[in-house]
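The structure appears right after this line, and notes come after that.
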2 protein chains.
Amino acid sequence: MQISPAVEDYTKAIYALQERGDGCAVTTNALAERLGVTPASASAMVKKLAGMGLVSHVRYRGVQLTAKGSAIALEVIRHHRLLEAYLSESLGVPWDRVHDEAEVLEHVLSEELEELIADKLGNPTHDPHGDPIPTRDGLMPDEPTVSLQTLATGDCGRFVRISDADPEMLRYLAARGIAPGDGFEVIDKQPFDGPVFARFAGEVHVLGGTLARAMRVEL
Amino acid sequence: MQISPAVEDYTKAIYALQERGDGCAVTTNALAERLGVTPASASAMVKKLAGMGLVSHVRYRGVQLTAKGSAIALEVIRHHRLLEAYLSESLGVPWDRVHDEAEVLEHVLSEELEELIADKLGNPTHDPHGDPIPTRDGLMPDEPTVSLQTLATGDCGRFVRISDADPEMLRYLAARGIAPGDGFEVIDKQPFDGPVFARFAGEVHVLGGTLARAMRVEL
DNA sequence: ATTCAAATTTAGTCACAACGAAATTTGATT
DNA sequence: AATCAAATTTCGTTGTGACTAAATTTGAAT
């Protein structure tokens, strides 16, 4: 039972969708859309994953990762995030490009290189976007956050995390010197999904609705 | 016209066989054996490569890389050798393991990462086994060498290069502290493919026939 | 010139992972 | 309960790159 890159990608996608979803099963359509394949293709692969014991599948209902499936997903995510950290820190790859590079390298990273990279970086706990790196033994640190968008005028917090999937956003933040770990204060918050005005290190920045929703805040 | 990993591997193999061969075309069987596939599979791929304009093919005679094919081979070889140098120098991967790691990474290394790695290493000209690294613009430095096995008692020389394909040999040399760049003197040479006794840095070492044939000497 | 073994190619198959089109199931609405 | 749209699955096909078995070509030996 070989684990192909395709299987790794599906497993990783199911893991990600399970996270954001409210505990219920991951639908075939959601999976297909996330991976950019047709529902028919996703359906076929789901059947294969079920046969491999990586997911439990109820026809027309959706899938859930088994322990075995989660282990594979976490392994790949560890590869991905370690690589992002490594590319950023050791090779100076810009913030908004590490994701795409890691996306292909994650599938061919040997366990030995994984070890060497982790050691070289001092066993980092977070990648450059603030996403936690699963541990060597396959555990994902649980770090509750809220969207910056939910804060109100006057609230203070620390920006700790943002999705690595949208390079545009990352460039916007990078251009303004905003990075995970930075503290801030909400100066003004407009209703109806309006922009958030927040002060980072003295400077006030405008964070549009989508951006504010993507930025995660500690606690 | 996509360049798949398979196409890269075939192109690279043809390049390598062309080098060691005496200028004549590379046979399907040699290609198949080198890649560990059946002659039928190699034959099918040769037809595809010819269709892509990467090789010229005469049925039942063999193949030769076109300029386009050579360019692809050299690009992949550059990736491979840069990666070997990088893994060895920056991550401390042992000498005898860099080849296998590079073998998979070479196919997914982006041009951007290639640049960063080359810069980081100061644009190295040789990999850890002494193999020359093709230049950015796709030129392979020509460095004539002879096999250590061809030397006679009393000859001196500098060991500069050894194939990265046999980890066993590399471990043997590494265990004795012998590396490309080391000067030596042939103390004794037995006839009939017998062992070569050579002094490296004061120590005399026994180099069996196969090993002595694999070791390349400057000039 | 014929024969023969080795090298090479062709023909037919398989596994993988995608696709579009068509059938099926679901759950919400009437 | 019947209907209907959306989600899901099935069916048949495609493209890669491997395989085995069966031609075919070559070049050397008779």
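This one's a predicted model, so the numbers in the text were calculated from it and none came from an experiment. Every chain is numbered from 1 and lettered A, B, ... according to where its sequence line falls, protein lines coming before strand lines.
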Short N/O separations, protein against nucleotides 15-19 of chain C, under 3.5 angstrom:
from: C:dA17; atom 1: OP1; to: A:Ser4; atom 2: OG; distance (Å): 2.6
from: C:dA17; atom 1: OP2; to: A:Lys48; atom 2: NZ; distance (Å): 2.3
from: C:dA18; atom 1: OP2; to: A:Tyr10; atom 2: OH; distance (Å): 3.3
from: C:dC19; atom 1: OP2; to: A:Thr38; atom 2: N; distance (Å): 2.8
from: C:dC19; atom 1: OP2; to: A:Thr38; atom 2: OG1; distance (Å): 3.0
from: C:dC19; atom 1: OP2; to: A:Ser41; atom 2: OG; distance (Å): 2.5

Show which side-chain atoms of residues 34-46 of chain B pair as donor or acceptor with protein atoms under 3.5 Å away, not counting sequence neighbours.
from: B:Thr38; atom 1: OG1; to: B:Ser41; atom 2: N; distance (Å): 3.3
from: B:Thr38; atom 1: OG1; to: B:Ser41; atom 2: OG; distance (Å): 2.9

Query raised in the report: So which pairs with a foot in residues 57-78 of chain B pass salt bridge (Lys or Arg N to Asp or Glu O under 4.0 Å), sequence neighbours left out?
Result: B:Arg78-B:Glu114
Query - Whole-Å distance separating the CD atom of B:Glu33 from the P atom of C:dA6 - result: 15 Å
Query raised in the report: With sequence neighbours left out, what residues match B:His99 under ring-ring contact (aromatic ring centres under 6.0 Å, His included)?
Result: B:His80
Query raised in the report: Does A:His79 have any ring-ring contact (aromatic ring centres under 6.0 Å, His included) partners at least two apart in sequence or in another chain, and if so, which?
Result: none
Query - Residues in salt bridge (charged side-chain N to carboxylate O under 4.0 Å, His left out) contact with B:Glu112, at least two apart in sequence or another chain - result: A:Arg97
Requested in this report: Specify the separation, in whole Å, of atom CG of A:Leu31 and atom P of D:dT9.
Outcome: 10 Å
Check: residues 115-122 of chain B side-chain donor-acceptor pairs under 3.5 Å, at least two apart:
from: B:Glu115; atom 1: OE1; to: B:Arg136; atom 2: NH1; distance (Å): 2.7
from: B:Glu115; atom 1: OE2; to: B:Arg136; atom 2: NH1; distance (Å): 2.6
from: B:Lys120; atom 1: NZ; to: A:Ser90; atom 2: O; distance (Å): 2.7

Query raised in the report: With sequence neighbours left out, what residues match B:Lys12 under salt bridge (charged side-chain N to carboxylate O under 4.0 Å, His left out)?
Result: B:Glu103, B:Glu106
Query - Polar side-chain atom of B:Thr66 near backbone of B:Leu54 as donor-acceptor pair, under 3.5 Å - result: yes
**Report entry** Contacting residues from residues 54-66 of chain B, given that a heavy atom lies under 4.0 angstrom of DNA chain C
**Finding:** B:His57, B:Arg59, B:Tyr60
Report task. Under the salt bridge (charged side-chain N to carboxylate O under 4.0 Å, His left out) rule, collect the residues that match up with B:Asp193, sequence neighbours excluded. Result -> B:Arg213
Query raised in the report: Think A:Lys47 has a side-chain N or O under 4.0 angstrom from the OP1 or OP2 of D:dT10?
Result: yes
Query - Among B:Arg161, B:Arg216, B:Glu218, B:Arg158, side-chain hydrogen bond (donor to acceptor under 3.5 Å, both in side chains) partner for B:Thr145 - result: B:Arg216
Query raised in the report: Does B:Asn29 place a side-chain N or O at less than 4.0 Å from the phosphate oxygens OP1/OP2 of C:dT8?
Result: yes
Query raised in the report: With sequence neighbours left out, what residues match B:Glu168 under salt bridge (charged side-chain N to carboxylate O under 4.0 Å, His left out)?
Result: B:Arg171
Query - Relative orientation of the end axes in the helix from C:dA1-D:dT30 to C:dT30-D:dA1, expressed as an angle to the nearest 10° (five pairs per end) - result: 30°
Query raised in the report: Would you say C:dT9 has OP1 or OP2 under 4.0 Å from some side-chain N or O of B:Thr28?
Result: yes
